[in-house]
Amino acid sequence: MASNILASTAAIAALSIFAAPAAAGITIFDTPGDVQPAENVLIDDGLTGETVFGHTNNSNTGVSFLSLTSGVSLEGFADGQARVEAIGSSLDALRFFLTSGDGFGEVEFDLHKAASNTDTVTVTFVGSFGTETRTFDLGNGNNWFSARTDAGDLITAVSFDTSGSGVGDIRQVRLGAFAGAIPSVPEPATWAMMLCGFGALGAAARRRTRTTARPA
């Protein structure tokens, strides 16, 4: 009987381990194609102000772009590059996020054409994992950045700040894995351990049945 109880306890413990959330985290990249989110952000053409808006091309999810430089307004362009730039100056600092305040699990964007005295950019990701900041070199062309969360975490805002006069614009923003849109799927190893746990529970139940059975 004691062995049956031990077996059941071990199986339940194994299942409890895999029911617990995994370690939080985000992985950040600075080369194109490392993350390929499902949706393009289309900028609402002709808008100006400290905040301009866009929406994703499939789910029509609203996206806000906020200037982080005092006195600098933004302008949105809905051409093939779907870009946001500063009015009358280079774009030095900006934050973007879902207008609803919800989160997303994947992001990619291009900071295009760094100014002559702009050498680096600091990119910050804020979300359920906390705050993660990285500093990267910038070039006078395409500068791709992307990130992907894991363990069910979500990004709620992305911002950048350069070390000089900024960049020409931010363009080709892509987002994906929105909150609630994609269910979490256990990895193969997790499935295997869960099945082992269920098997152990079944074996313990069968032993208890044999132990307590009485002749008719």
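Worth knowing before you read on, the calculation uses all heavy atoms, side chains too, and leaves out hydrogens, waters and symmetry mates.
Cluster membership check: Val121 does not share its hydrophobic cluster with Val35, using side-chain heavy-atom separations under 4.5 Å among Ile, Leu, Val, Met, Phe, Trp and Tyr. Clustering ILVMFWY residues whenever any of their side-chain heavy atoms sit less than 4.5 angstrom apart, transitively, puts Phe29 in a cluster other than the one holding Phe129. Ile28 and Ile155 fall within a single hydrophobic cluster, where Ile, Leu, Val, Met, Phe, Trp and Tyr side chains are chained together by heavy-atom contacts under 4.5 Å.
In this structure, the side chains of Thr122 and Thr133 come closer than 4.5 Å at one or more pairs of heavy atoms. You'll find the side chain of Leu66 reaches within 4.5 Å of the side chain of Phe97, heavy atoms only. The side-chain heavy atoms of Phe136 and Phe145, taken from C-beta on, include a pair separated by under 4.5 Å. The side-chain heavy atoms of Phe77 and Arg171, taken from C-beta on, include no pair separated by under 4.5 Å. Side-chain atoms of His55 and Asp44, non-hydrogen and from C-beta on, do get closer than 4.5 Å to each other. Side chains of Val123 and Ser159 form no contact here, defined as non-hydrogen atoms less than 4.5 Å apart. The shortest distance between side-chain heavy atoms of Trp144 and Asp30 does not fall below 4.5 Å.
Using cut-offs of 30° and 60° on the angle between ring planes, the pair Phe104 and Phe178 is perpendicular. Using cut-offs of 30° and 60° on the angle between ring planes, the pair Phe109 and Phe125 is tilted.
Checking side-chain atoms of Asn143 against main-chain N and O of Leu111 turns up a donor-acceptor pair under 3.5 Å. Without hydrogens or angle criteria, Thr118 side chain to Ser165 main chain gives a donor-acceptor distance under 3.5 Å. Using a distance-only test at 3.5 Å, with no hydrogens or angles considered, no donor-acceptor pair links the side chain of Arg95 to the main chain of Thr124. Not a single donor-acceptor pair under 3.5 Å links the side chain of Asn117 to the backbone N or O of Gly164.
Aromatic pair Phe53/Phe65: ring centres not closer than 6.0 Å.
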Before you tell me yes or no, could you show the steps for Leu47 and Asp45 under side chain to side chain contact (heavy atoms under 4.5 Å, CB included), namely the whole-Å CA-CA distance, both residues' side-chain angles and the distance that decides it to 0.1 Å?
CA-CA 6 Å; Leu47 292 181; Asp45 193 20; over 6 Å; no
Checking side chain to side chain contact (heavy atoms under 4.5 Å, CB included) for the pair Val63/Leu175: CA distance, chi angles, key distance, verdict?
CA-CA 10 Å; Val63 183; Leu175 301 174; 3.8 Å; yes
Can you list the steps and then say if Thr69 with Ser67 is a side-chain hydrogen bond (donor to acceptor under 3.5 Å, both in side chains)?
CA-CA 6 Å; Thr69 305; Ser67 173; 4.7 Å; no
Side chain to side chain contact (heavy atoms under 4.5 Å, CB included) between Leu91 and Leu74: does it pass, once the steps are laid out?
CA-CA 8 Å; Leu91 181 61; Leu74 306 173; 3.6 Å; yes
Residues Ile170, Phe160; criterion side chain to side chain contact (heavy atoms under 4.5 Å, CB included); working and verdict
CA-CA 10 Å; Ile170 180 172; Phe160 71 87; 4.3 Å; yes
I'd like to know whether Glu39 forms a side-chain hydrogen bond (donor to acceptor under 3.5 Å, both in side chains) with Thr56, so could you lay out the CA-CA distance, the side-chain angles of the two residues, the decisive distance to 0.1 Å, and finally the verdict.
CA-CA 6 Å; Glu39 300 198 47; Thr56 61; 2.8 Å; yes
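Nearest heavy-atom pair across Asn58 and Ala38 is ND2-O, 3.8 Å. The shortest non-hydrogen separation linking Glu106 to Gln36 is OE1-O, 4.2 Å. Nearest heavy-atom pair across Ile43 and Gly76 is CG2-CA, 3.4 Å. Between Ser73 and Glu50, the shortest heavy-atom distance links the atoms OG-N, 4.2 Å. When all heavy atoms of Gly127 and Thr156 are compared, the pair lying nearest together is CA-OG1, 3.6 Å.
With rounding to the nearest 0.5 Å, the separation of OG1 in Thr162 from CG in Leu94 is 11.5 Å. To the nearest 0.5 Å, atom CG of residue Asn40 and atom CZ of residue Arg174 are 4.0 Å apart. The structure places CG of Asp137 at 8.0 Å from CG of Asp119, a figure rounded to the nearest 0.5 Å. For the atom pair Glu85 CD and Arg83 CZ, the distance stands at 5.0 Å (nearest 0.5 Å). Here the straight-line distance linking atom CG of Leu98 with atom CG of Leu154 works out to 9.5 Å at 0.5 Å rounding. In this structure, the separation between CD1 on Ile26 and CD on Glu132 is 7.0 Å, given to the nearest 0.5 Å.
For Ser128 and Asp153, the side-chain atoms include at least one donor-acceptor pair closer than 3.5 Å. Of the N and O atoms on the side chains of Ser64 and Thr99, at least one donor lies less than 3.5 Å from an acceptor on the other residue. Side-chain contact check for Thr135 and Thr120: no donor-acceptor pair (N or O, by modelled atom type) lies under 3.5 Å. Between the side chains of Asn142 and His112, at least one donor N or O sits under 3.5 Å from an acceptor N or O.
Remark: Gln81 CD is packed, more than 12 non-hydrogen atoms of other residues, nucleotides or ligands lying under 6.0 Å away.
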